[in-house]
Protein chains: 2
Amino acid sequence: MKKLTATGGAPTEPLALASSELGQRLPMVMSLLGRSLRHAYTPIGVNLGQYPVLNSLLEHPESSVSELAARERVKLPSMTAVVNQMEADGLVAKQPDLNDRRCVRVSLTGRGREVAGAARLARAAWFAERLDHLSSAEVSAISRALPALEHLVHLDH
Amino acid sequence: MKKLTATGGAPTEPLALASSELGQRLPMVMSLLGRSLRHAYTPIGVNLGQYPVLNSLLEHPESSVSELAARERVKLPSMTAVVNQMEADGLVAKQPDLNDRRCVRVSLTGRGREVAGAARLARAAWFAERLDHLSSAEVSAISRALPALEHLVHLDH
DNA sequence: GTGAGCTAATTAGTTATCCTAATAACATGA
DNA sequence: TCATGTTATTAGGATAACTAATTAGCTCAC
């Protein structure tokens, strides 16, 4: 009954994991995965902070800096810095908002759109390569947990 | 209802999420959760880099700096810096390895052990508070995905 | 034994992400 | 109109990571 399976074999036990156990292991996984991911980004020419902004702008064109900051859960000055760097890199353009002149509307340039697409592909490939080493049961377990994880993340919103 | 079950399948929905979809959304979740987590750490008096080292030393006392670096998937110089800071903070002590004098054995001080325990509790509490807002189905979905996520992370060995 | 080559740790210097506090410009409503 | 709130920026600093170069110690082939 009590099998301490260190291997990532079949994760299909009844499994009532204590929340302290979850709180212990999930963050560990997150931090390690985040670190791996950083290495995956750099060759694309986009860094960890820029990529989500690119994506965000694909779905919400003409965002203000505040909106971008809120979506990424960073403070305004942090987002200002990211956007400025991206502007210098030719990925985004800033335009004044005519209705509210305090705001700056940020939009993707053509190059930004290209890079966003390329980065998306590169990341998907990076991920797919890893998922290949998992059983289909494991992939499906992760898939099923995704909505819950997204819910968890959006709680602070 | 069509059910294409994987090996030893769980009695749950089919759900074939495209790997590109997973590769898109999972990293997003990771990065946001990581950011939330950073805020959770600071009040404890341990930072994001130190906490895993504390934990690692609970399970593997007398680790060398290299071993710690490998476990955290960071380069040696990064771990040297973390360990030095922790030594200055009185959380760990360094001792020479008598068998191999190139190595430095790192161990928890009494204070390090205390802080590790406190940090563990604080993080569990932070997490539990969040899990309270999820349904038990969601929590269980995350629990079931955890071994798979750990497997994913450990692929880079 | 001893020198070539490996491994462990450090130092120095750089980059990327974040933050807070202070300012400036604009908007809104009493 | 002016007090208060919002948007964005600047300045300055803390973390967290990296590469490259250096020092020290181990190992083994010869």
Side-chain angles (χ1 to χ4, degrees), chain A residues 27 30-53 62-89 91-106, chain B residues 27 30-54 62-89 91-106 156:
Chain A
M30 295 291 162
S31 116
L32 290 180
L33 204 55
R35 227 165 264 155
S36 301
L37 212 52
R38 172 174 299 153
H39 300 314
Y41 275 113
T42 38
I44 311 174
V46 191
N47 61 32
L48 216 46
Q50 293 175 343
Y51 181 82
V53 172
E62 307 286 314
S63 297
S64 73
V65 181
S66 289
E67 287 162 357
L68 289 171
R71 249 175 250 136
E72 294 310 315
R73 312 275 203 290
V74 296
K75 299 297 184 202
L76 236 195
S78 306
M79 188 51 73
T80 294
V82 171
V83 167
N84 282 345
Q85 184 57 55
M86 292 177 78
E87 189 187 21
D89 294 349
L91 299 175
V92 302
K94 295 200 278 190
Q95 286 134 334
D97 181 321
L98 300 178
N99 293 89
D100 184 342
R101 283 182 306 168
R102 292 169 301 177
C103 295
V104 172
R105 293 286 143 193
V106 182
Chain B
M30 297 288 160
S31 114
L32 291 180
L33 201 55
R35 227 164 265 154
S36 301
L37 214 51
R38 172 174 300 154
H39 300 313
Y41 275 113
T42 37
I44 312 175
V46 191
N47 62 31
L48 216 47
Q50 294 175 343
Y51 182 83
V53 173
L54 242 33
E62 307 286 314
S63 297
S64 73
V65 181
S66 290
E67 286 162 357
L68 290 171
R71 249 175 251 137
E72 293 312 314
R73 310 278 203 292
V74 297
K75 299 297 186 205
L76 237 195
S78 308
M79 188 50 74
T80 293
V82 171
V83 167
N84 282 344
Q85 185 57 55
M86 292 177 80
E87 191 187 21
D89 294 349
L91 299 174
V92 302
K94 296 201 277 191
Q95 287 134 334
D97 182 321
L98 300 178
N99 293 90
D100 184 342
R101 284 180 306 168
R102 291 171 303 178
C103 294
V104 172
R105 292 287 142 192
V106 183
D156 310 283

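In the text below, chain A, chain B and the rest are named by the order of the sequence lines, each starting its count at 1.
Proximity of B/K75 to the phosphate of C/dA8: no side-chain N or O atom is located under 4.0 Å from OP1 or OP2. Checking the phosphate oxygens (OP1, OP2) of D/dA14, no side-chain nitrogen or oxygen of B/N47 falls inside 4.0 Å. Between B/S66 and C/dA9 there is a side-chain polar atom (N or O) within less than 4.0 angstrom of OP1 or OP2. Taking 4.0 angstrom as the limit, B/R101 places a side-chain polar atom (N or O) nearer than this to OP1 or OP2 of D/dC26. Between A/S64 and the phosphate of D/dA8, there is a side-chain N or O to OP1/OP2 separation shorter than 4.0 Å. For the OP1/OP2 pair of D/dT9 and a distance below 4.0 Å, the side-chain nitrogens and oxygens of A/K94 include at least one atom meeting the criterion. Taking side-chain N and O atoms only, A/S78 has no distance below 4.0 Å to OP1 or OP2 of C/dT17.
Taking every side-chain heavy atom of B/V74 into account, D/dC18 is the closest of D/dC18, C/dA9, D/dA8. Closest approach to the B/T80 side chain among C/dT10, D/dA8, C/dT17 is made by C/dT10 (side chain taken as heavy atoms from C-beta onward). Of all nucleotides listed (D/dG25, C/dC18, C/dA12), C/dA12 comes nearest to the side chain of B/P77.
Looking only at distances, no side-chain donor or acceptor of A/R105 sits under 3.5 Å from a matching main-chain atom of A/Q95. Between the side chain of A/N47 and the backbone N or O of A/G49, at least one donor-acceptor pair lies under 3.5 Å.
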Using side-chain contact (heavy atoms from CB on, under 4.5 Å), reason through B/L54 and B/M86 one step at a time and then give a plain yes or no. CA-CA 9 Å; B/L54 242 33; B/M86 292 177 80; 3.1 Å; yes
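Residue A/L68 contributes atom CG, which lies 13 Å from atom C1' of D/dA8 at whole-angstrom precision. The distance from atom CG of A/N99 to atom C1' of C/dC26 is 13 Å, rounded to the nearest whole Å. At whole-Å resolution of the value, CE in B/M79 and P in D/dT19 are 15 Å apart. One interatomic measurement links the two molecules: CG of B/D100 to P of D/dT23, which rounds to 20 Å at whole-angstrom precision. Taking atom CG on B/L37 and atom P on D/dT15, their separation rounds to 17 Å, with Å as the unit. Counting to the nearest Å, the P atom of C/dT17 and the CG atom of A/L76 are 18 Å from each other. In this structure, the CZ atom of A/R73 is 16 Å from the C1' atom of C/dC18, given to the nearest Å. Following rounding to the nearest Å, A/R102 (CZ) and D/dT7 (P) show an atom-to-atom distance of 6 Å.
Sequence order on DNA chain C of the closest nucleotides to A/G49 and B/V83 puts B/V83 first from the 5' end. Residue whose closest nucleotide on DNA chain C sits further toward the 5' end, between B/A81 and A/V82: B/A81.
Residue B/K94 places its NZ atom among more than 12 non-hydrogen atoms of other residues, nucleotides or ligands, all under 6.0 Å distant.
Of all the heavy atoms in A/M79 and A/L68, the pair that sits closest is CE-O, 3.6 Å.
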